[in-house]
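Here's the structure, in C-alpha cells; my notes come after.
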Amino acid sequence: MLRSTRGRVLAPWILLLGLGGCSKPPPCAPVQLHERKHPFIAFDRQEIPALRQRVTQTPYKTWMDDVRRGPPGQGNPCGAPATNTDEKEYQSSNCALYGALSWVVEQRADALKAARDALMKAGDTSTGWNQRPGAWYWGGAMLNYAYAYDFVQPALSADDDEAIRDKLGDALGKTMGVYEDFDSAYTTNFRYRVGSGAATLSYALGERDDACTVERDLFGDAPLDSLVARGAYGPYVQACLTQDGTYVEGPSYQDDVFSTMLPYLQAMKRLSGGGHEGRDYINAVNTPAAWGDDTRIARMLRYGAALSMPDGNAATIETGWREPLQLASIAASVLSEREGRRDVKGFYGWLSAKGKAVVNNPVYSILYTDPDIAEASAGADVPNYTSVVTSDMTSLRSGWSADAVHLLMTTEHEYRPSSHSQPDQTSFLLHAKGQYLIIDPGDGRNYDPTGSPHTSLFYWVNFSPESHNLVTIDSYKGILDTYQTPAWRQLSIFSNLTQPVDDPAILQASFLTGELDSSTVTIDNYVNVPDVSTRRTAVLARRSYVVVFDHMISASSGSSAPMLHYYDTHLHYSGWLGCRQGAPAICTDYATSRPTSSSAAVDCGDVCGEVRPAGDPASGRLVWATRTDDGKRELELDVVYVPRPAAFSVDRSGFTNFFPNMTFRHPFSVARYVDSSTQWLTVLYPRDLTAGEPKPVIESLAVSGGSGSAALVSIAERDTQDLAVVSDGARPVEVGDPRVPAARLQGRSALLLLRRKALERAQVDASTSLSVGGRALLLATAPVSASLRPEGPGLAAELVLSSAAQVGLAAARADAQLYLDGKPAPTRYDAASGTASTSVPQGRHRLALR
C-alpha cells in the first residue's frame, strides 16, 4: 500500500497529479534556504551590530526591557508557566524567543540557556497541533520556535542542534499531517495562525515544501475544503478579509491572526529576494496569478486606526475587546505605498500618545519597526484621514482626539465563514467627549453556552439582533435560543457557506465632506419577514452630532391588504465602568488587571449612568447622563425620535462582554413604530456639560404633502439651524417654519446645514428634487444621492447614481456651464426651474456649475 511520508493513505486520484490529471499548482515563493547560514529569517550575521545599536534607542530600548524581563507573568527569564497545556507551550515558546533575542543582543549565557531549554522541549506539552482551540496557541508557538532556533543555532552544540531539529521537525510533521487533512481542525483564524507558524518553521529548518503547501493553501486557488465550503475556491485569506481590508471576525481576531501572519509574510518576502524583488502579498508584488494585484492586506493595515475608538481601543463589534489594535508599529514596515505608510505612521503616533503602542510580542516590534515609524513623536502624527467608508464598515469621526465624536457602523455584505459573526448588519457604536455612549455588547463568551444557567444570556449577546443597535421586526429576536423566537436575521455559518449571507447589507452611497459625513446601507429582505426591506443612513453633522434615518419598507404597502409590522429600534448605552461600590478591583482597574482564572467570570455590576425621560415619559425623548472615566466631566446624550414612537421603553438588563471574563450590565431603550411601511429619524447629540457646551433645541416640525417627518436642530449661541427631513419618497414633502427657509424634498431623506438661515451644505438620499427657499437646488430624472454645497455663484455636487439620469443644479444665468468630473459637459438651461442640467452616467461623479 502506498503511503505519504506522514503515514496517510494516498487516494488514487492523488497519483494522477504527475500524469496530467490536474492542472499545475500555482508557484510558491522562490525561497533559497539550504546554502544559507543561521541566522537568516529576520537578519543576517553582519546585521547584528546594527541590531544591538537599535535597542539602545527609544522605543526599541523600552521593548528590549520587556524582553529582558521575560514573557508577561513568568518572571525573569521564565517562571512557572500556565496549567493549561496549550497556553503552557505558547509561554514556553515565548521563553525561547525572548531568550534567543537576548542572547543575540547581549550574549547572556542565561538567556541562551533559557532558549535552548525551551527548544529542547518543543511540542512536548501542547495538543494544539491536533485540535481546537489549542491550535490558536500552537500557531504562535511554532512561529516563536522558528525565530528562536534561527537566532541561537550558531551557538548550539552539534548534539543539541540535532536534538532540537528533531523536536521541531516532529512538531512540523504532526502539524502538516493535520493541516493537509480534508476535514482539518484548522479553520479560519486557527488556519491562518497555524499555517503562518508552520511555514516559518519550515524556513527555519531549511526546507520549503511545507512552506509551499501553506502558501498555496492561503494564497492559491485550491478549494476551501477546511471552510466546509465545498466547491468554493480561494485564495483562503480572502475568506475572512474583505476586499476593502476589514477582517470579518472582528478587530481582536484581526490582531490575533496578523500578529502571526505579519512576521511570516516578512520572512517570506526577505527570503524570496527582499525589497521589490521578494514576494509581497501585502502590496501584491511578485505574487502569482491566483492572488494577482490584491492589496487588501495593505488596506487593512492602513485603516487600522479607523477600527479603533478615540480612546485607542478596538471596538467591540463582532469579537472585539476594549484593548488596542497592536499592529501599527510593524505594519508600516510592510507598506511600501507612500500614503499608506504615512497613515500607519500616524496611527502609531496616535497610539503612542495614548501609551498603547506596544505590540503583542516586543521581539517582532524590535525586528520589524522602521526607525522613521518609531520616531513618530507622541501626539504629533495622526492618520491622513478622518472618516473612512468601506463596503464592510463605516467609520465617521470628527478628529483623532480622545474627545472626538466617532460613529462606527457595520454593513457586512459578504458571507461569514466564522462562528464569530453576529446579526449586526447596520448596527453602530458612538464614542464622544471621552466616553463610550452607544455600544455593541460584544460576543457573549463570558456566558458559557454549555451547561450553564447563563446560556440564554450568551445567545442574547451573541446571536440576538436585539442586543445590537438595530431595528427588529415583529419581535423576532434571535436564533438557537429556546427562550426566543426564530431568527429574522441569519448568518452564513448556519447555512451553506458557498451562498451569500441570508440578509446581506449593501453599501449604497457615502459622502465624506467634513461637515456632513454619511453612509447609506440597505437590506433587501429578511428571512422571516420577506416582504420587508430597510434603508439606513447615518450622518455625522458639523463634527458634533449624529442623525440616523431609518426606512422600513414593506412590499405589501399600497395593496388591498397591507401587512402591519412592529418595528422596534434599539439603542444600547454605556459609560464609565468603575462606579460600583464594593466591586472587585479588576472591575475598576480593568485597564491593567484581568481575572486570574479563565474559567470564572467576574460580575462587575452596572455601567455608570442614568437614563431619564426628557419631558413627557411617553414622548420617546430621553437623556443618557454619564461622565468620563476620570470622573472630571459630566456628559449628556440627547436622544430624540421624530416622529414620536407608538411605544417606548427602557430595559436595564442588557449584558456586555468588553473584557475577557468580566461582565457589566447596561440599559437599552426600545422605540416602537407600527405600520406597513414607515420611516423616522433619530438625533443623537452628545455634550460635555463641564465645558459649558450649549444645549441644542431639537424640535419636531410639521410637514405637508407626502408622508414624512422633520426635525429642527438649532443652537442659538451659534446661530445655526439644521433641518432634517425623512420621507417615503413617493410624493414631495414640504417643511415651513419661520426660523428656516421653506424646504421641499422628493426623496428618502435630507439634512440641511444652515447658519443665519443661509445654506452651508446639504445632503439628500435617493431623491429627485430638493428646493430651499423656493429655489430648486437639485433636479433629477431618477433618484440620486447627493452632497451639495455653494461654490462661488454656483453650486457643486458629489453624486451617486444607481442608473443614468439627467441631473440639474440651480443656475442663476442661462449661459451657465456644467462640469462633470472636472470636464465641460453639454449643458441645458431650464428657465422655468432655474436649473442647468446634463446627462450623468451611473456611479459616483462630481458635478459643478461655474
Side-chain angles (χ1 to χ4, degrees), residues 396-399 403-407 428 430-435 437-438 513-518 537-550 571 573 575 609-617 619-628 633-645 648 669 671 680-703 709-726 735 737-741 743 749-763:
L396 309 179
R397 68 171 73 231
S398 63
D403 289 337
V405 179
H406 181 210
L407 180 136
F428 60 87
L430 178 65
H431 190 291
K433 312 298 179 181
Q435 191 57 268
L437 298 176
I438 303 293
T513 67
E515 288 301 298
L516 273 180
D517 289 352
S518 73
T537 298
V539 188
L540 175 60
R542 295 194 183 278
R543 303 178 185 267
S544 300
Y545 69 97
V546 170
V547 180
V548 180
F549 297 97
D550 279 306
L571 288 176
Y573 304 100
E610 176 190 5
V611 178
R612 58 175 182 264
D616 179 2
S619 68
R621 293 174 173 235
L622 59 81
V623 172
W624 169 243
T626 182
R627 53 178 170 158
T628 54
R633 289 179 291 164
E634 300 294 331
L635 308 178
E636 282 189 354
L637 177 69
D638 285 296
V639 180
V640 179
Y641 295 92
V642 178
R644 173 177 173 167
F648 189 81
S669 61
W680 64 89
L681 64 90
T682 310
V683 179
L684 304 172
Y685 204 112
R687 290 188 305 133
D688 181 354
L689 303 186
T690 311
E693 293 182 346
K695 183 175 179 61
V697 177
I698 306 173
E699 304 172 74
S700 178
L701 301 183
V703 301
S709 305
L712 180 64
V713 182
S714 56
I715 297 182
E717 294 88 335
R718 298 172 183 169
D719 207 0
T720 60
Q721 313 87 30
D722 299 341
L723 181 63
V725 183
V726 65
V735 183
D737 188 279
R739 291 166 293 181
V740 292
S749 66
L751 183 55
L752 314 178
L753 302 187
L754 302 133
R755 191 181 300 272
R756 291 180 289 275
K757 298 185 179 182
L759 181 69
E760 293 185 315
R761 188 175 284 275
Q763 193 165 287

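Computed over heavy atoms, backbone and side chain alike; hydrogens, waters and symmetry mates excluded. Residue indices begin at 1 and follow the sequence shown.
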Note to self: Going by salt bridge (charged side-chain N to carboxylate O under 4.0 Å, His left out), name the pairs with one or both residues in residues 712-723, residues two or more places apart or in two chains.
What the structure shows: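 Sorted result for residues 712-723: Arg542-Asp722.
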May I ask you to test the [X]-[Y] pair for a side-chain heavy-atom distance under 4.5 Å?
{"X": "Leu689", "Y": "Arg633", "answer": "no"}
{"X": "Leu723", "Y": "Arg739", "answer": "no"}
{"X": "Leu437", "Y": "His431", "answer": "no"}

Next item on the list: Go through the steps for Val546 and Phe428 under the test side chain to side chain contact (heavy atoms under 4.5 Å, CB included), then give the verdict.
Entry: CA-CA 11 Å; Val546 170; Phe428 60 87; 5.8 Å; no
Notebook entry, point to check: Among side-chain atoms of Thr626 and Gln435, is any donor-acceptor pair under 3.5 angstrom?
Noted result: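 No - no donor-acceptor pair under 3.5 Å links their side chains.
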Note to self: Could you check whether Ser669 and Tyr573, counting side-chain N and O atoms only, form a donor-acceptor pair closer than 3.5 Å?
What the structure shows: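 On atom types as modelled, these side chains qualify, holding a pair under 3.5 Å.
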Next item on the list: List in chain and number order the residues that pass ring pair (Phe, Tyr, Trp, His ring centres under 6.0 Å) with Phe549, two or more places apart in sequence or in another chain; answer none if no residue qualifies.
Entry: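 Testing Phe549 for ring pair (Phe, Tyr, Trp, His ring centres under 6.0 Å), a comparison that skips the adjacent residues, returns none.
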Check: Quick one: CZ on Phe648 to CG on Leu622, what's the gap to the nearest 0.5 Å?
Finding: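 With rounding to 0.5 Å, CZ (Phe648) is 4.0 Å from CG (Leu622).
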Checklist line | Separation of Glu760 CD from Leu753 CG (nearest 0.5 Å) | finding: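 Output value for this atom pair is 6.5 Å.
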Check: Would you call Lys433 and Glu634 a salt bridge, taking side-chain N to carboxylate O under 4.0 Å as the test?
Finding: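 Looking at Glu634 together with Lys433, the answer is no, because their closest N to O distance does not fall below 4.0 Å.
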Checklist line | Ion pair Glu636/Arg687, N-O distance below 4.0 Å | finding: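 Arg687 and Glu636: salt-bridged.
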Next item on the list: Output, in order, the C-alpha distance, side-chain angles, deciding distance and verdict of side chain to side chain contact (heavy atoms under 4.5 Å, CB included) for Leu684 and Leu637.
Entry: CA-CA 6 Å; Leu684 304 172; Leu637 177 69; 4.2 Å; yes
Looking only at heavy atoms, which two atoms of [X] and [Y] are closest? And how far apart?
{"X": "Ala711", "Y": "Leu681", "result": "CB-CD1, 3.9 Å"}
{"X": "Leu516", "Y": "Val539", "result": "CD2-CG1, 3.6 Å"}
{"X": "Ala710", "Y": "Val735", "result": "CB-CG2, 3.8 Å"}
{"X": "Ser700", "Y": "Arg621", "result": "N-NH2, 3.7 Å"}
{"X": "Ala671", "Y": "Pro645", "result": "CB-CG, 3.8 Å"}
{"X": "Val740", "Y": "Leu754", "result": "CG1-CD1, 4.2 Å"}

Note to self: Please enumerate all residues that pass side-chain hydrogen bond (donor to acceptor under 3.5 Å, both in side chains) together with Lys757, with sequence neighbours excluded.
What the structure shows: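 For Lys757, no residue satisfies side-chain hydrogen bond (donor to acceptor under 3.5 Å, both in side chains) once neighbours in sequence are set aside.
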Next item on the list: Could you please spell out the steps behind the salt bridge (charged side-chain N to carboxylate O under 4.0 Å, His left out) verdict for Lys695 and Asp638?
Entry: CA-CA 9 Å; Lys695 183 175 179 61; Asp638 285 296; 3.2 Å; yes
Is the backbone N or O of [Y] less than 3.5 Å from a side-chain atom of [X], with the two atoms forming a donor-acceptor pair by type?
{"X": "Glu693", "Y": "Asp688", "answer": "yes"}
{"X": "Arg397", "Y": "Arg543", "answer": "no"}
{"X": "Thr682", "Y": "Tyr641", "answer": "no"}

Next item on the list: Please name the residue in the list Pro696, Pro686, Ser398 that meets the side-chain contact (heavy atoms from CB on, under 4.5 Å) test with Tyr545.
Entry: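 Checked Pro696, Pro686, Ser398 against Tyr545; only one passes side-chain contact (heavy atoms from CB on, under 4.5 Å): Pro686.
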Note to self: Run Val405 and Leu430 through side chain to side chain contact (heavy atoms under 4.5 Å, CB included) and show every step you take.
What the structure shows: CA-CA 7 Å; Val405 179; Leu430 178 65; 4.0 Å; yes
Item checked: Test side chain to side chain contact (heavy atoms under 4.5 Å, CB included) applied to Leu396 and His406, step by step -> CA-CA 6 Å; Leu396 309 179; His406 181 210; 5.7 Å; no
